[in-house]
Amino acid sequence: QWFKLHLWDVIMMTAVASAGLLTGWWVRRIIADDAMITFRVAENLAAGRGFVFNPGEYVQVTTTPLYAMLLAAGSWLVGSAPDAALILNIALAAINPVLAYDVGRRLSGRLTGVSAALLLVLMPPLVIAFSMESYLYVFLILASLDAYAAQRWPLAGVIVGITAVLRGDAVLMGACMVTYDVLAYRRLRWRLIVPAIVIPAGWYLFATVYYGSPFPATLQAKVAQGELNWLGEYFISGFLEYWESWTIEDYYHPELYLVPGLYLLGLIPVFQRERTWLIIIGRDILYVIGFELLRVTFAEWYYAPLTAGVALMVGRG
């Protein structure tokens, strides 16, 4: 049932929301340079100068149009896109662990939920991406999975469609849901599929007319940057560099070695009986494969969309 909660659920949700809110306030000064691109696009849109970086140049420079639109609306209310991003991300820092708790509770129980929620609050790749669209992306990933777990198929489809306007790679979530339905239930849930396709199709049609292409120009730039990558480090090898930094060199945190072990432990009940987890696991695997095949250079915030699935599975472990 969607809205029926036990008193313990209310207590746990309040606790993890408070932890998230404190963390959001603590990291509020983090502003990634990539976020400044979206901030400028949002402020130009809000001021009527167009959905562009430079007025008069119709080039799609942001990979996160929904975030830019939300910040444009927010800048009308609070005066600037950075301030709108600050308020939005602090709020999401509190909401995301609540959703993680609810997903874990629905799929495996309250202990999984509270463990996943507290882990998500402290995930380094998510925290470092505070000013970017990452908190909103994680919110939509968790919200779509929560709606699916609650068997609210149209709502899950709408959220997946909205997520695909935030980030193009969000189609992976919808693809995994549909694949799971076909393999587990031998059916296509059109109430989920139709909104998941129609909503982003509207954006891509607009982008084609407005910019001349449905795809952001920055995608080509990232690929070109990867071709000039003199370090020879890409998505997977780049993560290993960060992992070595977190666990050995700069920040000695040997407890992080528990993460892969607990993740693997969490797979045991998944393959035995809790098969719905395969949706988020499959989505994360495809995300890693996609970024590795694109051969783009790595950045710490590229790993932020994986934090929802990792926190949930480690919490299950």
Side-chain angles (χ1 to χ4, degrees), residues 32-77 80-82 84-85 88 131-137 139-141 143-144 154-178 188 190-227 283 286-287 290-291 293-296 301-302 305:
D33 53 358
D34 275 23
M36 302 302 291
I37 298 172
T38 305
F39 291 167
R40 176 161 171 168
V41 172
E43 292 189 346
N44 281 337
L45 178 61
R49 294 188 288 265
F51 206 164
V52 294
F53 186 81
N54 292 318
E57 296 181 3
Y58 291 90
V59 179
Q60 187 181 174
V61 300
T62 179
T63 57
T64 176
L66 177 61
Y67 190 52
M69 287 185 270
L70 290 175
L71 296 187
S75 66
W76 291 335
L77 298 174
S80 71
L88 175 62
S131 57
M132 302 182 71
E133 78 279 0
S134 302
Y135 274 75
L136 182 58
Y137 195 9
F139 166 77
L140 291 171
I141 289 171
S144 62
L155 179 60
V158 168
I159 297 172
V160 168
I162 291 172
T163 313
V165 180
L166 178 73
R167 284 271 297 266
D169 51 71
V171 298
L172 299 175
M173 190 64 161
C176 288
M177 285 182 179
V178 173
L188 291 172
W190 291 106
R191 291 184 296 165
L192 186 156
I193 295 171
V194 171
I197 293 175
V198 170
I199 293 172
W203 162 256
Y204 287 114
L205 177 62
F206 166 80
T208 301
V209 174
Y210 192 79
Y211 299 109
S213 171
F215 304 111
T218 48
L219 179 60
Q220 294 178 336
K222 292 179 187 298
V223 173
Q225 188 181 28
E227 293 173 353
R283 182 260 165 206
L286 291 176
Y287 181 89
F291 267 80
L293 290 178
L294 282 173
R295 307 300 282 173
V296 297
W301 50 81
Y302 286 4

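Just so you know, these numbers use all the heavy atoms, side chains as well, and skip hydrogens, waters and symmetry mates.
Every pair passing side-chain hydrogen bond (donor to acceptor under 3.5 Å, both in side chains) that includes a residue from residues 156-170 is listed here, sequence neighbours excluded: Glu133-Arg167, Tyr137-Asp169, Arg167-Asp169, Arg167-Tyr287. Listed by first then second residue, pairs satisfying side-chain hydrogen bond (donor to acceptor under 3.5 Å, both in side chains) with a partner in residues 48-57 read Arg40-Asn54, Asn44-Arg49, Asn54-Glu57, not counting sequence neighbours.
Closest of all the heavy-atom pairs between Ala42 and Ala68 is CB-O, 3.4 Å. Among all heavy-atom pairs drawn from Met173 and Ser144, the shortest one is CE-OG, 3.7 Å. Taking each heavy atom of Pro82 and Glu43 in turn, the nearest pair found is CD-OE2, 3.5 Å. Ala84 and Ser75 make their closest contact through CB-N, 4.0 Å (heavy atoms, listed as atom of the first residue, atom of the second, distance). Annotation for Ala81 and Leu71: closest pair O-CD2, 4.1 Å, computed over non-hydrogen atoms.
With sequence neighbours left out, Ser80 forms a side chain to side chain donor-acceptor pair (under 3.5 Å) with Asp83. A search for side chain to side chain donor-acceptor pair (under 3.5 Å) contacts involving Ser131 returns nothing, not counting sequence neighbours. Considering only residues two or more places apart in sequence or on other chains, Tyr210 meets the ring pair (Phe, Tyr, Trp, His ring centres under 6.0 Å) condition with Tyr58, Phe206. In this structure Val171 satisfies the side-chain contact (heavy atoms from CB on, under 4.5 Å) test together with Ala164, sequence neighbours excluded. Shown here are the ring pair (Phe, Tyr, Trp, His ring centres under 6.0 Å) partners of Tyr67, two or more places apart in sequence or in another chain: there are none. Every residue two or more places apart in sequence or in another chain was checked for a side chain to side chain donor-acceptor pair (under 3.5 Å) with Arg191, and none qualifies. Residues satisfying the side-chain contact (heavy atoms from CB on, under 4.5 Å) criterion with Val59, sequence neighbours excluded, are Val61, Ala217. Among residues two or more places apart in sequence or in another chain, the side-chain contact (heavy atoms from CB on, under 4.5 Å) test is passed with Ile193 by Val178, Leu188, Trp190, Ile197.
For the atom pair OG1 of Thr63 and CE of Met132, the computed distance is 7.0 Å after rounding to the nearest 0.5 Å. A distance of 5.0 Å separates CG of Leu166 from CG of Leu136, quoted to the nearest 0.5 Å. Here Phe291 contributes atom CZ and Leu286 contributes atom CG; the two are 12.5 Å apart, rounded to the nearest 0.5 Å. For the atom pair Phe139 CZ and Ser134 OG, the distance stands at 15.0 Å (nearest 0.5 Å). Rounded to the nearest 0.5 angstrom, Thr62 OG1 and Leu45 CG are separated by 11.0 Å. Ile141 contributes atom CD1, which lies 12.0 Å from atom CD1 of Ile159 (distance to the nearest 0.5 angstrom).
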Begin with the C-alpha distance, continue with both residues' side-chain angles, and end with the deciding distance and a verdict on side-chain contact (heavy atoms from CB on, under 4.5 Å) for Val41 and Val52. CA-CA 5 Å; Val41 172; Val52 294; over 6 Å; no
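Taking the six-membered ring wherever Trp is involved, the centroid distance between the rings of Phe51 and Trp203 falls below 6.0 Å.
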